[in-house]
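Here's the structure we're looking at; comments come further down.
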2 protein chains.
Amino acid sequence: MRPLNTKSKEDILALAIPLFARSGYSGVSMRSIAQKVGVTVAALYHHFPDKQTLYLAAMTQVFVDKDERLGEILSSSIEPKKRLAQFMTSFCEVVDKDNDFCMLIQREMMDGDESRLRLLATEVYHDLFQGVTNLCQELDPKQDPYLLAISIIGMVMYHFQTAPMRPYLAHSKEQHSDPQVIARHVTNFALQGLKTG
Amino acid sequence: MRPLNTKSKEDILALAIPLFARSGYSGVSMRSIAQKVGVTVAALYHHFPDKQTLYLAAMTQVFVDKDERLGEILSSSIEPKKRLAQFMTSFCEVVDKDNDFCMLIQREMMDGDESRLRLLATEVYHDLFQGVTNLCQELDPKQDPYLLAISIIGMVMYHFQTAPMRPYLAHSKEQHSDPQVIARHVTNFALQGLKTG
DNA sequence: CCATACTAAACGAACGTTAAGTTAATTAAT
DNA sequence: ATTAATTAACTTAACGTTCGTTTAGTATGG
């Protein structure tokens, strides 16, 4: 059925994803995707009716399952403090390795319409967010779980988002881009804050 | 010298900035800027040699002076804890009000080449970052000032970046978009963490 | 009179998209 | 077993549109 030298939808999406991550929707042309895949533009239109559909399929491909994988990290029933440390390590690793994923989340938050934001919330953040809020409520039931979860997730993400700018900032060292160093720091900071009192 | 019904460079930039903030560099055309300003495209080329120069001028317009203003908040010599609380309140207010500024920073961090990242670091983050690291060193000299500063700034920014997605997330309430509520939370979190130990 | 701030009109290049034809693997019939 | 029909996976070539940019000309305040 399928010729040997043929590209599947998944092959196309896998190559389109890093392009969208780096340059955004309007920064990527159908021709640039076709070139990367090694086919003509018309071949893309054989698999997808238009650019928007291709883009949305790419987003879905990146996001679906990612949520579960992030949620699983938090589903264990070990001691809350240890679970937080373990989560931070895993989360930092994921964000560090899958940089495309990280950038696409950010772009979707800025560019996404309501339906795409809902997709992002349900397919990317749901399990992760649920896990973090649960963990927060176990660690400190008196504080607002939503605010805590956003603070924790944002804290981690920002370390990787600012990475390209790090060389130009004061007090920066090479180790500050090491996910393990970041994980240890954010864990410590989340548990104790600036411990001044 | 200048006709009455004429647009200055600053007028053009002021109208171009929100466009770039919302749609990014490649998402905004010279024609869309011209339409917003109420002139023809050629008029834009009378003021700026090309699109890139116009964009860079817009970035500079947004960023310069912003750094100082953010830095000033941190330059007072009141008690560190109070200074942190005061900074959080002011920072949240700025980020909440000037949403374009917030989004442009993010876009520049993702799209910017080396020279633009350096501009971002020196014109936007320098004084702010210096102030926060200083404050952190006063509050807890033992911790790494770089990691702390990134954590604190990122924590705050993320609350406003995730705002459009908030309605679709669990445990969210309307008050979670109030800059004062966010400021109080992040201050408390930065000072005490989850205070479980 | 002269510079400044424009407009009208057009340039080629790149864009998303489509129509028509070609290749190659599978299936059905002889 | 060979061949014919069928289909998915393409290519080539072009469509109209929008893009960044330019050129030539016009109006206006000093």
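In what follows, every chain begins at residue 1, and chains take the letters A, B, ... in the order their sequences are listed. None of these values were measured; they are calculated from a predicted model. What's counted below: heavy atoms across the whole structure, side chains too, no hydrogens, waters or symmetry copies.
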Nearest-Å distance for atom pair [atom1]/[atom2], residues [X] and [N]:
{"X": "F48(A)", "N": "dT18(C)", "atom1": "CZ", "atom2": "C1'", "answer": "18 Å"}
{"X": "Y25(B)", "N": "dC19(D)", "atom1": "OH", "atom2": "P", "answer": "13 Å"}
{"X": "D11(B)", "N": "dA5(C)", "atom1": "CG", "atom2": "P", "answer": "12 Å"}
{"X": "L44(B)", "N": "dT7(C)", "atom1": "CG", "atom2": "P", "answer": "9 Å"}
{"X": "M30(B)", "N": "dA9(C)", "atom1": "CE", "atom2": "P", "answer": "20 Å"}
{"X": "I33(B)", "N": "dC19(D)", "atom1": "CD1", "atom2": "P", "answer": "11 Å"}
{"X": "K51(A)", "N": "dT18(D)", "atom1": "NZ", "atom2": "P", "answer": "15 Å"}

**Item:** I152(B) side chain reached by V186(B) side chain, heavy atoms, under 4.5 Å
**Value:** no

**Prompt:** Side-chain contact, heavy-atom cut-off 4.5 Å: F189(A) with L147(B)?
**Reply:** no

Among the nucleotides [options], which one has an atom lying closest to any side-chain atom of [X]?
{"X": "A43(B)", "options": "dT17(C), dC6(C), dC10(D)", "result": "dC6(C)"}
{"X": "Y45(B)", "options": "dG20(D), dG16(C), dT4(C)", "result": "dG20(D)"}
{"X": "A42(B)", "options": "dT22(D), dT21(D), dC6(C)", "result": "dT22(D)"}
{"X": "R31(A)", "options": "dC15(C), dC10(D), dC6(C)", "result": "dC15(C)"}

Classify the nucleic acid contact of [X] as base, sugar-phosphate or nothing, counting any heavy atom under 4.0 Å across all strands shown.
{"X": "V41(A)", "result": "base"}
{"X": "T40(A)", "result": "base"}
{"X": "V37(A)", "result": "nothing"}

OP1, OP2 of [N] versus side-chain N and O of [X]: anything below 4.0 Å?
{"X": "H46(A)", "N": "dT18(C)", "result": "no"}
{"X": "H47(B)", "N": "dT4(C)", "result": "no"}
{"X": "T6(A)", "N": "dA9(D)", "result": "no"}

**Request:** Tell me whether the guanidinium CZ or amine NZ of K51(B) lies under 6.0 angstrom from the six-membered ring centre of Y25(B) and within 45° of its axis.
**Result:** yes

**Message:** Run Y55(A) and F48(A) through ring pair (Phe, Tyr, Trp, His ring centres under 6.0 Å) and show every step you take.
**Reply:** CA-CA 10 Å; Y55(A) 176 74; F48(A) 305 94; over 10 Å; no

**Prompt:** Between Q106(B) and Q161(A), is any side-chain donor less than 3.5 angstrom from a side-chain acceptor?
**Reply:** yes

